[in-house]
Number of protein chains: 2
Amino acid sequence: MNLPPLIQSFVLHFGEMGSHWGINRTVGQIYALLYVSDKPLNADDIVEAIGCSRSNTSMALKELQAWRLVKLQHLPGDRREYFSTPDDVWAIFKTLAEERQKREVEPTLTMLRGAMLETPSGEAERHAQARMNEMYQLIELVTKWFADIRDMDVETLQKLMKLGSQVQKVLQFTQSLSRLTGRDSGKEE
Amino acid sequence: MNLPPLIQSFVLHFGEMGSHWGINRTVGQIYALLYVSDKPLNADDIVEAIGCSRSNTSMALKELQAWRLVKLQHLPGDRREYFSTPDDVWAIFKTLAEERQKREVEPTLTMLRGAMLETPSGEAERHAQARMNEMYQLIELVTKWFADIRDMDVETLQKLMKLGSQVQKVLQFTQSLSRLTGRDSGKEE
DNA sequence: TCCAATTTTCAGTAATTTCTGAAAGTTTGA
DNA sequence: TCAAACTTTCAGAAATTACTGAAAATTGGA
């Protein structure tokens, strides 16, 4: 690996972190490299920069594309494929949230839904099913909320986040208002 | 493994999912087993139910304790250690969020903070540093917001989540109000 | 169509992670 | 203090995952 020190430490960090996430070192490193690069890179650029094999690079890029974290593009007069990450960090964040949702949460929800349909035989199973239901309700609520949040425009989202826990006050205020006027701003349960 | 079918499929699912998260199969399975169990279990109960070795169980329980996802307790007149998960699914969710924050996000923030202090030499490093700063700002904002959210009481949190994206309307409404009255409910940037 | 440039696949190897059994360590109460 | 009950550690085995180089496949232009 032959990179300026600032970039190198960023790339190495993402490589290490990869294992905490579900991705391998090379995938993490390549993503980091593309993220900070000021121009799209082709596979050989990446091999050169990271110091991994050409085939490994190919695999890693395929995985990053499956995650929708890199864009493929062609440069005029060059047959090679060039890769880059989206510029907008919020868009990246949303993509990541969507993909993790799809890969990690959906399958669990499906399994739990199936479990809800079973008829428990015996006390142990009855209790287990009740617990699974608690988990199901929680995950579903959080999931829907995340989807709502993801679909907000960045402006609103930033406003909301900066408001932070003070949103409580706004809610309380709105609820007193609605009690006075008889209108309700929130969804019913 | 010798468990009622409903419980078995739950336990196996968490085992598989473990690898998508940063935990191994046994850890996932044991957590799932404890989560649905109607009483605390000791290490031998777990070995019996899951079918792994005693030492593996010991390691896995240690990891689950490090994640603060299981409670250790003693039963009167029994020297063995019994394990269970917290009852409250919201508490579990919060613990999980805190631990992931600590393990996955903090180290990255630290690295980025360090990178911000470097003086870039050359255009590539200058651009890279700007990108890292964008990432830093985003992660910090989301992190603070998460912390705010975590510290809300469950009631408010559920209310907020059920409101979903309609919170936008509440925000807009409150802002028109504050424009009228000259008061501001939100933090300043 | 053919050739050269480029990308992908794949089988074998290397590295890492997980798991086990045996041994060592710890704790409790007699 | 000792012994029994129980837990942890750890070195090596097993399983899994990551990586490589060679070969096959694909692509675009002549």
Side-chain angles (χ1 to χ4, degrees), chain A residues 1 11-34 40-67 70-84 103-104, chain B residues 1 11-34 40-67 70-84 103-104:
Chain A
M1 193 179 301
V11 166
L12 289 177
H13 178 88
F14 265 67
E16 301 304 321
M17 274 324 199
S19 22
H20 282 271
W21 283 63
I23 61 171
N24 69 40
R25 188 157 37 95
T26 310
V27 173
Q29 289 182 347
I30 291 180
Y31 181 77
L33 178 67
L34 292 175
L41 301 179
N42 65 42
D44 290 321
D45 294 336
I46 295 169
V47 166
E48 161 82 13
I50 305 274
C52 57
S53 74
R54 184 61 186 74
S55 53
N56 197 7
T57 303
S58 176
M59 296 292 214
L61 286 169
K62 229 171 96 181
E63 184 164 352
L64 284 170
Q65 283 176 285
W67 276 88
V70 300
K71 299 183 292 194
L72 168 63
Q73 59 200 287
H74 284 276
L75 262 53
D78 192 334
R79 268 176 61 182
R80 287 171 295 180
E81 299 182 320
Y82 283 78
F83 298 89
S84 59
R103 289 154 203 252
E104 297 173 13
Chain B
M1 193 180 298
V11 166
L12 290 176
H13 178 88
F14 265 67
E16 300 305 320
M17 273 328 204
S19 20
H20 282 269
W21 282 62
I23 62 172
N24 70 37
R25 189 156 39 96
T26 310
V27 172
Q29 290 182 346
I30 292 181
Y31 180 78
L33 178 68
L34 292 174
L41 301 178
N42 64 44
D44 290 321
D45 294 336
I46 295 169
V47 166
E48 160 83 12
I50 304 274
C52 56
S53 74
R54 183 62 186 73
S55 53
N56 197 6
T57 303
S58 176
M59 295 291 213
L61 285 169
K62 228 170 97 183
E63 185 166 351
L64 285 170
Q65 283 176 285
W67 277 87
V70 300
K71 299 183 293 195
L72 168 62
Q73 59 199 288
H74 285 276
L75 262 51
D78 190 333
R79 270 177 58 183
R80 286 170 296 181
E81 299 182 322
Y82 282 78
F83 298 89
S84 59
R103 291 154 201 251
E104 298 174 11

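Computed from a predicted model, the values in this text were never measured in an experiment. Atom set for the values below is all heavy atoms of this structure, side chains included, hydrogens, waters and symmetry mates excluded. Below, read A as the first sequence line, B as the second, and so on, with proteins coming before strands; counting in each chain starts at 1.
The side-chain contact (heavy atoms from CB on, under 4.5 Å) test with A/Thr57 singles out one residue from A/Ile30, A/Asp45, A/Ile50, A/Thr26, and that residue is A/Ile30.
Contact of the B/Glu81 side chain with the B/Leu61 side chain is not registered, since no non-hydrogen atoms from C-beta on lie closer than 4.5 Å. Considering only heavy atoms from C-beta on, B/Phe83 comes within 4.5 Å of B/Leu72 through its side chain.
The heavy-atom pair separating B/Ala66 from B/Arg103 by the smallest distance is O-NH2, 3.1 Å.
Note: CD (B/Gln73) to P (D/dT7) measures 14 Å, nearest angstrom. One atom, CE of A/Met1, and another, P of D/dC19, lie 11 Å apart when rounded to the nearest Å. Atom P of nucleotide C/dT7 and atom CG of A/Asp45 are separated by 10 Å, given to the nearest angstrom. Atom CG of B/Leu72 and atom P of D/dC6 are 15 Å apart (whole Å). One can place CG of A/Leu61 at 13 Å from C1' of C/dT6, the figure rounded to the nearest angstrom. In this structure, A/Ile30 atom CD1 and D/dA18 atom C1' are separated by 13 Å, rounded to whole Å. Rounding to whole angstrom units, CD of residue B/Gln65 and C1' of D/dT8 are separated by 12 Å.
Put simply, CZ on B/Phe14 and CD1 on B/Ile23 are 8.0 Å apart, with the number rounded to the nearest 0.5 Å. Summarising the geometry, atom CG belonging to A/Asp78 is positioned 7.0 Å from atom CG belonging to A/Asn42; distances are rounded to the nearest 0.5 Å. Note that CZ of B/Arg25 is 9.5 Å distant from SG of B/Cys52, once rounded to the nearest 0.5 Å.
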Check your understanding: Once each nucleotide of nucleotides 21-30 of chain D is scored for protein heavy atoms under 4.0 Å, what B/S/- sequence comes out, 5' to 3'?
Key -> B-----BB--

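With distances taken from any side-chain atom of A/Glu81 to the nucleotides D/dT8, C/dT7, D/dT9, the minimum falls on C/dT7.
Considering only side-chain N and O atoms, A/Arg25 lies under 4.0 angstrom from the phosphate OP1 or OP2 of D/dC19. Remark: B/Asn24 is in phosphate contact with C/dC19, judged by side-chain N or O atoms under 4.0 Å from OP1 or OP2. Listed pair A/Lys62 / C/dT7 fails the phosphate criterion, with no side-chain N or O lying under 4.0 Å from OP1 or OP2.
Within 6.0 Å of CD on B/Gln65 lie more than 12 heavy atoms contributed by other residues, nucleotides or ligands. In A/Glu104, the CD atom is crowded: over 12 heavy atoms of neighbouring residues, nucleotides or ligands sit closer than 6.0 Å.
Residue B/Asp78 is the one, among A/Met59 and B/Asp78, whose nearest nucleotide of DNA chain D lies closer to the 5' end (criterion: closest heavy atom).
For the contact set between residues 12-23 of chain A and DNA chain D, defined by any heavy atom under 4.0 Å, there are no members.
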